[in-house]
Amino acid sequence: MSEPYLRLTGVHRHYGKDETFVRVLEAADLSVAGGELVAIVAPSGAGKSTLLHLSGLLERPQSGEIEITGTATMALSERGRTLLRRTTVGYVYQFHHLLPEFTALENVTIPQLIAGKSQAAADRRSRELLDLLGVGPRAAHRPAELSGGEQQRVAIARAAANHPRVILADEPTGNLDPETSDLVFSALQTLIRGEGAAGLIATHNHDLARRADRIVTIKAGLVEPLTL
Ligand code: ADP
Ligand code: MG
């Protein structure tokens with residue numbers, strides 16, 4: 001099998017000290033391969049967001065190693081981490097965080113222009129993604145004119161715009177009704193498989209989690225397999 005796109009090895013992460021000390025991850029290991037979708041299901045406060053932040057190089061562990069597309073990140077400078085994050089990681093949050101002044105298409109196009117792509121190539125990629133996620137007909141709408149499920153699918157398209165090899169989603173259906181959650185999860189799944197990216201999704205929804213290739217949880221500082 002090829003190298004996993006995301007690999008955490010012996011990751012320790014705690015916050016605070018003395019009476020504010022919180023141990024979140026003690027010696028966590030996790031690998032996610034290209035095209036694989038892994039769901040994280042764990043109670044609130046267990047460390048799902050922490051695991052995603054660490055995986056997305058948004059924060060650093062106290063020790064351990066995090067490799068993204070085979071690159072070890074612990075020894076990288078802040079600048080090196082930022083560059084790697086920009087080119088290899090796509091992030092989807094519970095709330096969409098789309099830019100309200102711009103259309104759906106523009107929201108997906110902007111990160112590509114920042115990455116140096118031409119307007120024509122960026123527009124092409126954006127339309128392809130919006131079509132894939134079933135929101136092509138909404139390309140010219142601003143976020144306020146979209147439903148919650150549509151907003152979230154545009155946010156997924158934006159996260160995928162620059163062909164990230166790792167797609168991280170933190171309770172992306174947390175604000176949606178069951179039917180819309182299903183649609184958004186399917187969109188994410190289609191995208192991860194279609195793009196061959198490694199997908200890691202935190203969710204409270206057991207029905208959705210069961211559709212992932214694998215489910216993990218966080219227990220006593222470890223990432224462990226879970227059967228629902
Ligand atoms: P989840 O996403 O599973 O709800 P989090 O990863 O957000 O859990 O948090 C895990 C634990 O770490 C919680 O106890 C939380 O209070 C604590 N925590 C998270 N971030 C910080 C921080 N920046 N400072 C102190 N404690 C934190
Ligand atoms: Mg969280």
Side-chain angles (χ1 to χ4, degrees), residues 6-32 36-68 73-74 78 81-82 85 89-98 148-149 151-153 155-156 158-159 164 166-178 180-182 184-185 187-189 192 197-228:
L6 172 66
R7 175 150 60 194
L8 281 71
T9 318
V11 166
H12 289 240
R13 183 66 172 122
H14 61 255
Y15 296 106
K17 57 177 191 161
D18 301 331
E19 65 273 21
T20 65
F21 181 86
V22 185
R23 179 194 69 176
V24 183
L25 299 172
E26 184 74 10
D29 296 329
L30 174 68
S31 290
V32 188
E36 187 181 29
L37 175 56
V38 176
I40 315 168
V41 176
S44 190
K48 300 179 297 298
S49 295
T50 300
L51 187 70
L52 289 167
H53 289 157
L54 292 166
S55 301
L57 309 182
L58 294 168
E59 54 182 279
R60 276 180 192 270
Q62 274 87 17
S63 64
E65 186 57 89
I66 296 167
E67 290 158 81
I68 305 226
T73 62
M74 281 301 273
E78 271 316 305
R81 288 163 59 82
T82 301
R85 182 193 315 123
V89 178
Y91 221 101
V92 182
Y93 297 90
Q94 184 169 351
F95 184 70
H96 61 77
H97 294 299
L98 295 170
Q151 290 168 343
Q152 209 46 329
R153 283 180 284 160
I156 293 168
R158 178 187 52 185
V166 176
I167 294 178
L168 305 169
D170 199 349
E171 304 192 32
T173 67
N175 283 326
L176 306 173
D177 61 73
T180 309
S181 295
D182 205 65
V184 167
F185 191 89
L188 204 45
Q189 193 162 33
I192 285 162
L200 186 56
I201 303 182
T203 179
H204 283 296
N205 186 323
H206 290 194
D207 291 330
L208 295 182
R210 279 190 209 101
R211 286 163 50 189
D213 297 307
R214 195 148 58 83
I215 308 169
V216 297
T217 191
I218 301 168
K219 207 185 268 174
L222 300 171
V223 176
E224 295 187 340
L226 180 71
T227 310
L228 288 176

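We count residues from 1, following the sequence as given. Just follow the structure's listing: the first ligand is 1, and inside any ligand the first atom is 1. What you are looking at is a predicted structure, and each value in this text was computed from that prediction instead of being measured.
Set against the non-hydrogen atoms of Ser44, the atoms of ligand 1 under 4.0 Å away are 4 (O). Heavy-atom proximity to Val24, at under 4.0 Å, picks out these atoms of ligand 1: 11 (C), 12 (O). Every atom of ligand 1 with a heavy atom of Lys48 under 4.0 Å away is listed here by number and element: 1 (P), 2 (O), 3 (O), 4 (O), 6 (O), 8 (O).
Between Asp182 atom CG and Gln189 atom CD the span is 9.5 Å, to the nearest 0.5 Å. Here the CG-CD distance, from Leu30 to Glu224, works out to 12.5 Å after rounding to the nearest 0.5 Å.
Where the criterion is an N or O separation shorter than 3.5 Å, residue side chain and backbone included, Thr50 meets it with respect to ligand 1.
Here the side chains of Asp29 and Thr9 are in contact, with some heavy-atom distance below 4.5 Å. Taking the side chain as every heavy atom from C-beta outward, Leu6 and Val38 never approach each other to under 4.5 Å. Side-chain contact between Thr50 and Ile218 is absent, with no heavy atoms from C-beta onward closer than 4.5 Å.
Heavy-atom separations between Ala46 and ligand 1 include at least one value shorter than 4.0 Å. At least one heavy atom of Gly47 sits less than 4.0 Å from an atom of ligand 1. Under a 4.0 angstrom heavy-atom cut-off, Pro43 registers as being in contact with ligand 1.
From the protein, the heavy atom lying nearest to atom 27 (C) of ligand 1 is Tyr15 CD1, 3.2 Å.
Checking Ser49, Gly45, Ala42 against atom 13 (C) of ligand 1, the nearest heavy atom belongs to Gly45.
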Review point. Do Glu59 and His53 pass the side-chain hydrogen bond (donor to acceptor under 3.5 Å, both in side chains) test, and can you show the C-alpha distance, the side-chain angles, and the key distance before you say yes or no?
Key: CA-CA 6 Å; Glu59 54 182 279; His53 289 157; 3.1 Å; yes
Exercise for review: Determine, stepwise, if the pair Gln152 / Val92 fulfils side chain to side chain contact (heavy atoms under 4.5 Å, CB included).
Suggested key: CA-CA 8 Å; Gln152 209 46 329; Val92 182; 4.2 Å; yes
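Looking at Ser31, its side chain never comes within 3.5 Å of a backbone N or O of Arg7 through a donor-acceptor pair.
Note on Ser49: counted as a metal contact of the Mg ion (ligand 2), an N/O/S atom lying under 2.8 Å.
Contacts between Val22 and ligand 1, counted as non-hydrogen atom pairs separated by less than 4.0 Å, involve the side chain only.
Put simply, atom 15 (C) of ligand 1 has no protein non-hydrogen atoms near it, under 4.0 Å away.
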